[in-house]
Amino acid sequence: MNTYYDYLLVGAGPAAAAAASAIREKDTQGQILMLGAEPETPYQRPPLSKGLWLGKDAESDLPLKSASDWASLGVEMALGDPVITLDPRHREVKTLAGKRYDYGKALLAMGGRPKPLAAVPELLRDRVLSLRSLADYRRLRARAAEGGEVLVVGGGFLGAELAATLSQQGALKIHYCVSGDGPLAQMLPPMLVEKVSARYRTAGVDMEKQRKLMEIRAQDGRLAAVFADGHPVVCDWMVYGIGMEPNNALADTAGLQKGQGAVAVDAQMRSSDPHIWVAGDLATYPDPVWGSPLRLEHWDNAEATGRIAGLNMAGETVAFRHQSMFYSDIYEFGFEAVGECRSDMVGHTECSPDGDQAIVYYLRDHQLRGVLLWNVWGKVKAARTLIAAKRRVEPDALRGLLKDW
């Protein structure tokens with residue numbers, strides 16, 4: 001059994017997949033091994049909270065490549081066996097099953113894990129679910145098929161998408177609690193927060209805002225989620241999405257420099273160790289426009305950073321210049337966004353006459369930092385160009401730049 005690889009990719013998600021393909025473009029002979037904690041080959045994750053629930057996608061659509069395609073590309077796979085130690089001095093990793101691999105160059109692309117809730121009683125653990133992996137989706141889907149009352153907690157992307165998709169499953173009564181002013185309130189302007197909130201109510205979702213979860217306990221054979229005001233929501237089970245924590249354990253033991261809670265890398269995705277690159281959710285890199293440290297947790301970013309890491313691992317000298325985008329679908333609402341989009345920034349919102357479409361511009365220090373396109377399509381490239389210009393601008397000057405209603 002071979003234990004040495006020119007390229008060792010730790011992680012089997014979109015970043016590692018993009019890196020493997022990029023390496024092979026430049027190096028047709030180097031030995032590549034991809035190590036994944038999950039048993040599946042790299043697959044699409046966005047459908048786990050979107051299309052799989054609504055019949056738009058099937059599990060068979062998820063793999064990025066087939067196992068035979070990866071073999072044809074010359075990428076070996078060792079799946080279902082997480083890496084637990086990394087020794088950068090000897091360029092060696094070990095897995096949970098006791099396998100040892102040596103490398104010439106390594107990529108860390110293990111993504112993250114859901115932030116945990118407050119302590120969950122042992123007897124309720126099978127009723128408190130999160131969603132990160134295909135296995136999580138299957139557990140959640142099986143639980144949803146049983147029907148009953150479910151509590152969704154979390155006002156970010158995942159919580160908002162889950163509350164919407166679960167409310168369209170027919171046999172479930174949905175309670176949806178967020179700690180802020182509404183779904184996606186950390187990003188959307190108030191008028192769009194209210195539009196989304198009204199849509200949940202129309203769908204029969206019992207939605208409440210400013211609810212901070214404090215405790216989970218058993219109550220009369222059911223689950224009771226107790227909030228800061230003392231008022232519990234009693235349900236059969238719950239699912240939460242309150243953010244993600246990067247999987248930093250290997251980087252920490254290897255002594256890699258950190259930045260914004262993850263691994264600091266340069267514009268080529270190289271870490272403080274010259275033989276280790278980092279991509280995806282785990283990488284904090286220089287913003288391609290502003291130069292400030294940036295870490296993103298979106299699919300497009302994982303693929304883009306993975307590709308740059310792979311090219312540079314194979315001997316190129318290529319800086320990361322991509323402005324990553326993100327998107328979401330909630331009922332009939334869809335949006336794409338690029339740059340920094342935060343509701344605490346100076347914002348300027350333009351709406352179509354019928355109110356069904358909107359463009360939100362986000363400014364900091366009189367410079368355009370982000371653009372959100374609400375039911376507006378084909379404008380991401382133009383939004384990137386506006387941001388990259390780095391011009392000083394007043395909100396009124398933005399009128400009609402991307403859409404002439």
Are any of the side-chain heavy atoms of [X] and [Y] separated by less than 4.5 Å?
X    : Y    : answer
V153 : M238 : yes
W405 : E350 : yes
V338 : S324 : no
M187 : F157 : yes

Could you tell me whether [X] and [Y] have a side-chain N and a carboxylate O separated by less than 4.0 Å?
X    : Y    : value
D300 : R45  : no
R222 : D236 : yes
R113 : E245 : yes
R141 : E59  : no
R307 : E25  : yes
E92  : R100 : yes

Point to revise | Steps toward salt bridge (charged side-chain N to carboxylate O under 4.0 Å, His left out) verdict (R138, E40) | key: CA-CA 13 Å; R138 289 167 176 163; E40 289 83 16; 3.5 Å; yes
Closest approach of [X] and [Y], non-hydrogen atoms and distance?
X    : Y    : result
L363 : M345 : O-CB, 3.7 Å
Y5   : I32  : CD2-C, 3.9 Å
P116 : Y240 : CA-OH, 4.2 Å
L158 : G241 : CD2-CA, 4.1 Å
P14  : L64  : CA-CD1, 4.2 Å
T253 : L86  : OG1-O, 4.1 Å

Between the side chains of [X] and [Y], does any donor sit under 3.5 Å from an acceptor?
X    : Y    : result
D287 : S292 : no
D61  : Y43  : no
S167 : Y331 : yes

Could you tell me whether the side chain of [X] and the main chain of [Y] form a donor-acceptor pair under 3.5 Å?
X    : Y    : result
R392 : Q367 : no
D69  : K65  : no
K390 : V289 : yes
R24  : D27  : yes
S21  : A18  : no
D81  : L96  : yes
K195 : G355 : yes
K26  : A314 : no
D6   : G104 : no
S343 : Q186 : yes

Check your understanding: Hey, do the aromatic rings of W53 and Y137 have their centres closer than 6.0 Å?
Key ->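 Ring-ring flag for W53/Y137: true, centres closer than 6.0 Å.
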Check your understanding: Looking at the rings of F335 and Y327, which for Trp means the six-membered one, are their centres under 6.0 Å apart?
Key -> no
Exercise for review: Output, in order, the C-alpha distance, side-chain angles, deciding distance and verdict of ring pair (Phe, Tyr, Trp, His ring centres under 6.0 Å) for Y7 and Y103.
Suggested key: CA-CA 6 Å; Y7 306 99; Y103 63 86; over 10 Å; no
Let me check something: any side-chain donor-acceptor pairs from residues 254-275 under 3.5 Å, sequence neighbours excluded? List them with distances.
residue, atom, partner, partner atom, Å
K258, NZ, D252, OD1, 2.9
Q260, NE2, P293, O, 3.2
D266, OD1, Q268, N, 2.9
D266, OD1, M269, N, 3.2
D266, OD1, R270, N, 3.0
R270, NH1, P274, O, 2.6
S271, OG, D273, N, 3.1
S271, OG, D273, O, 3.2
S271, OG, I276, O, 2.8
S272, OG, Q257, N, 3.0
D273, OD1, H275, N, 2.8
H275, NE2, R91, NH2, 3.0

Review point. Stepwise, does the side chain to side chain donor-acceptor pair (under 3.5 Å) test hold for S328 with E161?
Key: CA-CA 8 Å; S328 187; E161 290 173 359; 2.6 Å; yes
Practice item. Give the intermediate values and the outcome of side chain to side chain donor-acceptor pair (under 3.5 Å) for residues H90 and D87. Key: CA-CA 6 Å; H90 296 98; D87 180 351; 2.7 Å; yes
Practice item. Take I84 and T95, measure what side chain to side chain contact (heavy atoms under 4.5 Å, CB included) needs, and give me the verdict at the end. Key: CA-CA 5 Å; I84 58 172; T95 72; 5.8 Å; no
Point to revise | Greater than 12 external heavy atoms within 6.0 Å of R125's CZ | key: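 Yes, because the 6.0 Å sphere around CZ of R125 holds more than 12 heavy atoms from other groups.
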Check your understanding: For atom CG of D354, is the number of surrounding heavy atoms from other residues, nucleotides or ligands below 6.0 Å larger than 12?
Key ->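 Atom CG in D354 is crowded, with more than 12 foreign heavy atoms closer than 6.0 Å.
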Point to revise | Distance (rounded to the nearest 0.5 Å) between E336 CD and N375 CG | key: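 Going from the CD atom of E336 to the CG atom of N375 covers 10.5 Å.
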**Study point:** Aromatic Y362 / basic R369 pairing, under 6.0 angstrom, 45° off normal
**Key:** no
Practice item. Carefully, step by step, assess R201 and E194 under the rule salt bridge (charged side-chain N to carboxylate O under 4.0 Å, His left out). Key: CA-CA 10 Å; R201 292 190 289 267; E194 178 51 37; 2.6 Å; yes
**Study point:** Criterion salt bridge (charged side-chain N to carboxylate O under 4.0 Å, His left out) on R364 and E340, from CA distance to verdict
**Key:** CA-CA 9 Å; R364 190 180 303 280; E340 186 180 6; 2.9 Å; yes
Check your understanding: Would V234 and L223 count as a side chain to side chain contact (heavy atoms under 4.5 Å, CB included) if you check the C-alpha gap in whole Å, the side-chain angles of each, and the deciding distance to 0.1 Å?
Key -> CA-CA 6 Å; V234 180; L223 182 152; over 6 Å; no
Review point. Given R295 and D281, is the salt bridge (charged side-chain N to carboxylate O under 4.0 Å, His left out) satisfied, shown in steps?
Key: CA-CA 7 Å; R295 186 178 76 84; D281 302 343; 5.8 Å; no
